[in-house]
Visitor: 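Please find one structure pasted underneath; my questions will follow.
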Amino acid sequence: MSDWIDIGALDDIPQRGARLVKTQLGCVAVFRTAEDRVFAMDDTCPHKKGPLSEGIVHGESVTCPLHNWVFDMNTGQAQGADEGQVATYDIDVRDGRILLDVNRLSARSAA
Amino acid sequence: MTEKLVIIGAGMASGRALEELLKQAPDAYDVTLFNAEPRGNYDRIMLSPVLSGDKKFDDIIIHTSDWYEENGVTCRFGEKVAKVDRERKVVIAENGDEVPYDKLLFGTGSNPFIIPLPGHDLEGVIAYRDLEDTNRMIALGEKPDAKAVVIGGGLLGLEAAAGLKLRGVDVTVVHIMGHLMERQLDEAAGYLLRKALLDKGIKVMCSANSKEIVGEDGHVKALMLDDGTELPCDLLVMAVGIRPNVALAGDAGLSVGRGIHVDDQMITSDENILAVGECVEHDGNIFGLVAPLYDQAKVVAKTLIGEEATFVQREISTKLKVTGCDLFSAGDFAEGDTREDIVFRDPARGVYKRLVLEDNKIVGAVMYGDTADSNWFFGMIKSGEDISEMRETLIFGPAFQGGAPLDPMAAVAALPDDAEICGCNGISKGEIVSAINDGATDLAAVRAVTKASGSCGTCTGLVEQVLGVTLGDDFVIPAAQGMCNCTDLSHEDVRRMIKSQELKSMAAVMQECGWKTSCGCHSCRPALNFYLLADWPLEYQDDPQSRFVNERNHANIQKDGTYSVVPRMWGGITTPDELRAIADAADKYNVPTVKVTGGQRIDLLGVKKEDLPAMWYDLNQAGMVSGHAYSKGLRTVKTCVGKDHCRFGTQDSTGLGIKLEKLLWGSWTPHKVKLGVSGCPRNCAEATCKDIGIVCVDSGYEVSVGGAAGMDVRETELLAKVATEEEAIALTTAFMQIYRENAKYLDRAYKWVAKVGLDWVKEQIVDDLAQRAELVERFELSQTIYRKDPWAEQATPEYNRKKWQPMADLSLEAAE
């Protein structure tokens, strides 16, 4: 079951940019592509904990600002030779508002 | 007994519903048709050809008064409906007449959205919606030297602008988004469209925010943008979108959201009331293009006669009706993990085609310049046909399916001798072949002898192929050293293209240089951003999203995600007040580490991102600005104390350092730039291992460049010795600018000087005084934009809300 929470307007995030959402389980980075698609994943790079929300967004990927690991925002999977994955979260845009499914966030705390 | 049907609104959707109804059950209803406009149903889509003069209003009427009469429709045109009484099932007209109904159909359409800017109610501010608006625009064309501004770079706005231009009006389109028609087009196609409109003489301003409409005697006089630009106009057309007209339905107590809610049978929350067209909201969507409205109309007719029908939303496509701008868009062209792009670009012909594939099917298409195959592609989107068999040639359209791909070398070999290879210099294949036979056996030699590929550079690959074909195994075509995986062109090629083709936006570069990705990558985007702002300081707008985190956040990110803050200390000089302010900031924001840097200033390490703007504000209050310790730009000017204090000092090295820093700060460069000014050859400021070093001597100033003290350690080389401080400053500035204009992104000055040779640099800025002056002038022009404190700019409440704070804090929400 999904549990959608309104986290803000699409326009709060610059195109090809990201903003943070603070949760009890750490920060979630919410990305907006040039094509206005929106993705959410954990902000922390599995390599050396770089903040992915500060990376350069290109296509549907983001490059970690610390050591240039590139993550596919659809899957959270590191690209190329690097191996690692960050958790992704369901997200939806309705009428210009961004909704985050917090179900998985709380489910993870229960686990 | 014949039932009574009342229709509110005689637009295209309700008109089509009426037509379908009369066709299938001519005698089922006694129809009364209200329309606020004093006329019946006409083809609103064709208002643009009426505006441009291609058609007359009579040509676009769909239902004539004869037609209404023949079909027994009672027309009440020019009359608004005041109220719907659902209890008594009557419609009440403005004059109080009551018309009873058994079934009621809302076709109230939409209202153009008028941005509530100050002055929006002035005379001469119109929408583009009906014949009255069109006639206002046509009338403007009769006036000599008329000017118009169109707000909105969507379909309707551009058609209005093109029509006005054809009527002889001077038109400017003001669009808030970064590229035109952003809902239908990707950035590359938007760029080509903009270029075509500019060629037609239509001015286009993107990323432009309207602030105020200025009037005089109650009539519009100009549009003011928020950057202070004033665009004079006699008419201002707002074409920024539509809002479903739901007021009457809402007053009647029907369920409305953005539009009037309807189910799959087009029935509203009242079983006797239906709705159709732009006023409708179905399954969360509203509709503005004609195809789905006509589908709805069919369903309405069926529902009215009691037959089963269901409205299903389907793919729609868009074509722009502006002569000379062939443009097509259909389906979904967002990128996705499971999606792949096929992109075709032909910069010379201005052609761009992009197909978006998913599961071996075409799901979206954008075409510009050549839309001949658009219907075929649209058919493929709708049918969902598997395209894996024809994938290699798919982008070339239906005519090429089944052909074998051609080997490029064979294609070059097959070219006749008079085939043109280099368009810029008019060099044929034959001329290149004879140059090769005369001994020019590599690219540089061919370029030197024939000039082929020496201008815009796009034919470089072709020239290499001619070399390969002519010399056979003696010539190995060099592996392309592209900037990154997005392009095979080198940094130098791209810089040359930006200058020679006057490319002034990232979309322009990616289109004209044939980028293979839709929006670049972390490697090319920062480089392009620098090249564009260095070459077009006034025209290009810096793109923070294409900058590395440090330059976007104006602080240095540390390994733990905190930042370091370094205020500028001009020439390494500070005051007790500044030091107190730094100490206060360190206390206030719990700075764990305070360090003196090698560049003669103070670094506050371990600052949280959220604290940056407040800390900057405090430092600004004490008169300090960003030290740009994070930038590919001017960092520090290190000085010694000079002749004011030092026994050996020959000149005022501290003063010169401060002058230089105040002149150069804020400028962006290919890599970081550090300066040093020493007051005597003892060189206490270590000037001779800086990017630019000045050593003062009794007789003047020795300006040297290309030092390094990092992974490589190098001593600077003397550029020139000059007699006066002014000359030293001019030479330093000219070097900064020539480095900015020519070097590859991320080449430090020493690397770049090694590539071009110090002698070349001397020729340009030491010997050629005119050139030196021009470089200084261009640098100063750029500095009018960039010599500013980013901290002061971003330490505002708006930036704080939009950038520095998290967009939401859910940490206080109860976790269940």
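Labels below follow one simple rule: chain letters A, B, ... track the order of the sequence lines, proteins then strands, and each chain is numbered from 1.
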Visitor: Please flag which part of A:P65 lies under 4.5 Å from any non-hydrogen atom of chain B: side chain, backbone, both or neither.
Guide: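 Both backbone and side chain of A:P65 come within 4.5 Å of chain B.
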Visitor: Answer with side chain, backbone, both or neither: which region of B:P526 has an atom nearer than 4.5 Å to a non-hydrogen atom of chain A?
Guide: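 It is the side chain, since no backbone atom gets that close.
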Visitor: Which one of B:H522, B:R801, B:E187 has the most heavy-atom pairs closer than 4.5 Å to chain A?
Guide: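 That would be B:H522.
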Visitor: If I measure from the heavy atoms of chain B, does A:T75 come under 4.5 Å with its side chain, its backbone, both, or neither?
Guide: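 The answer is the side chain of A:T75.
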Visitor: Using modelled atom types only, decide if a donor and an acceptor are shared between the side chain of B:N529 and the backbone of B:D542 within a distance under 3.5 Å.
Guide: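 Flag not set: sc B:N529 to bb B:D542 has no pair under 3.5 Å.
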Visitor: Quick check on A:V21 against chain B: is it the side chain, the backbone, both or neither that has a heavy atom closer than 4.5 Å?
Guide: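 Both backbone and side chain.
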Visitor: Within the structure provided, determine whether A:W4 and A:R97 are in side-chain contact (heavy-atom separation under 4.5 Å).
Guide: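 No, side chains not in contact.
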Visitor: Tell me whether A:K22 is salt-bridged to B:E610, with the criterion being a basic N under 4.0 Å from an acidic carboxylate O.
Guide: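 Yes.
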Visitor: So which of A:A34, A:A18, A:P14, A:A9 has the largest heavy-atom pair count under 4.5 angstrom toward chain B?
Guide: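 Of A:A34, A:A18, A:P14, A:A9, A:P14 has the most heavy-atom pairs under 4.5 Å with chain B.
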Visitor: Would you call B:R552 and A:E54 a salt bridge, using N to O less than 4.0 angstrom?
Guide: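 Yes.
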Visitor: Can you tell which part of B:K609 gets under 4.5 Å to a heavy atom of chain A, answering side chain, backbone, both or neither?
Guide: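 Only the side chain of B:K609 comes within 4.5 Å of chain A.
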Visitor: Looking at A:R32 and A:D36, is any side-chain nitrogen of the basic one under 4.0 Å from a carboxylate oxygen of the acidic one?
Guide: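 Looking at A:D36 and A:R32, the cut-off is met.
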Visitor: Which region of B:S546, side chain (C-beta onward) or backbone (N, CA, C, O), has a non-hydrogen atom less than 4.5 Å from a non-hydrogen atom of chain A, or is it both or neither?
Guide: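 Both parts, backbone and side chain.
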Visitor: Could you tell me whether A:R19 and A:D12 have a side-chain N and a carboxylate O separated by less than 4.0 Å?
Guide: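 Looking at A:D12 together with A:R19, the answer is no, because their closest N to O distance does not fall below 4.0 Å.
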Visitor: For B:C206, does its backbone N or O pair with a side-chain atom of B:H175 as donor and acceptor, under 3.5 Å?
Guide: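 Between the backbone of B:C206 and the side chain of B:H175 there is no qualifying donor-acceptor contact (under 3.5 Å).
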Visitor: Would you mind checking which part of A:D95 comes under 4.5 Å of any heavy atom in chain B, side chain (CB onward), backbone (N, CA, C, O), both or neither?
Guide: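 When you check distances to chain B, only side chain atoms of A:D95 fall under 4.5 Å.
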Visitor: Heavy-atom pairs under 4.5 Å with chain A are the metric here; pick the option from B:Q805, B:R525, B:R258 that has the most.
Guide: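 Among the listed options, the one with the most contacts to chain A is B:R525.
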Visitor: B:F287 vs B:H282 aromatic rings, parallel, tilted or perpendicular, using cut-offs 30° and 60°?
Guide: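 B:F287 and B:H282: tilted rings.
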Visitor: Pick whichever of B:N553, B:D560, B:I557 has the most heavy-atom pairs under 4.5 Å with chain A.
Guide: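 The candidate making the most pairs under 4.5 Å is B:N553.
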Visitor: Taking A:I98, A:N68, A:T44, A:V28 one by one, which has the highest count of heavy-atom pairs under 4.5 Å against chain B?
Guide: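 Max contact count across the listed options: A:N68.
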Visitor: So for A:I7, is it side chain, backbone, both, or neither that comes closer than 4.5 Å to the heavy atoms of chain B?
Guide: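 Answer is both: backbone and side chain atoms of A:I7 are under 4.5 Å from chain B.
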Visitor: Non-hydrogen atoms of chain B under 4.5 Å away: do they reach the side chain of A:V70, the backbone, both or neither?
Guide: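 For A:V70, side-chain heavy atoms alone lie under 4.5 Å from chain B.
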Visitor: Got a donor-acceptor contact below 3.5 angstrom from the A:Q77 side chain to the A:D72 backbone?
Guide: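 No.
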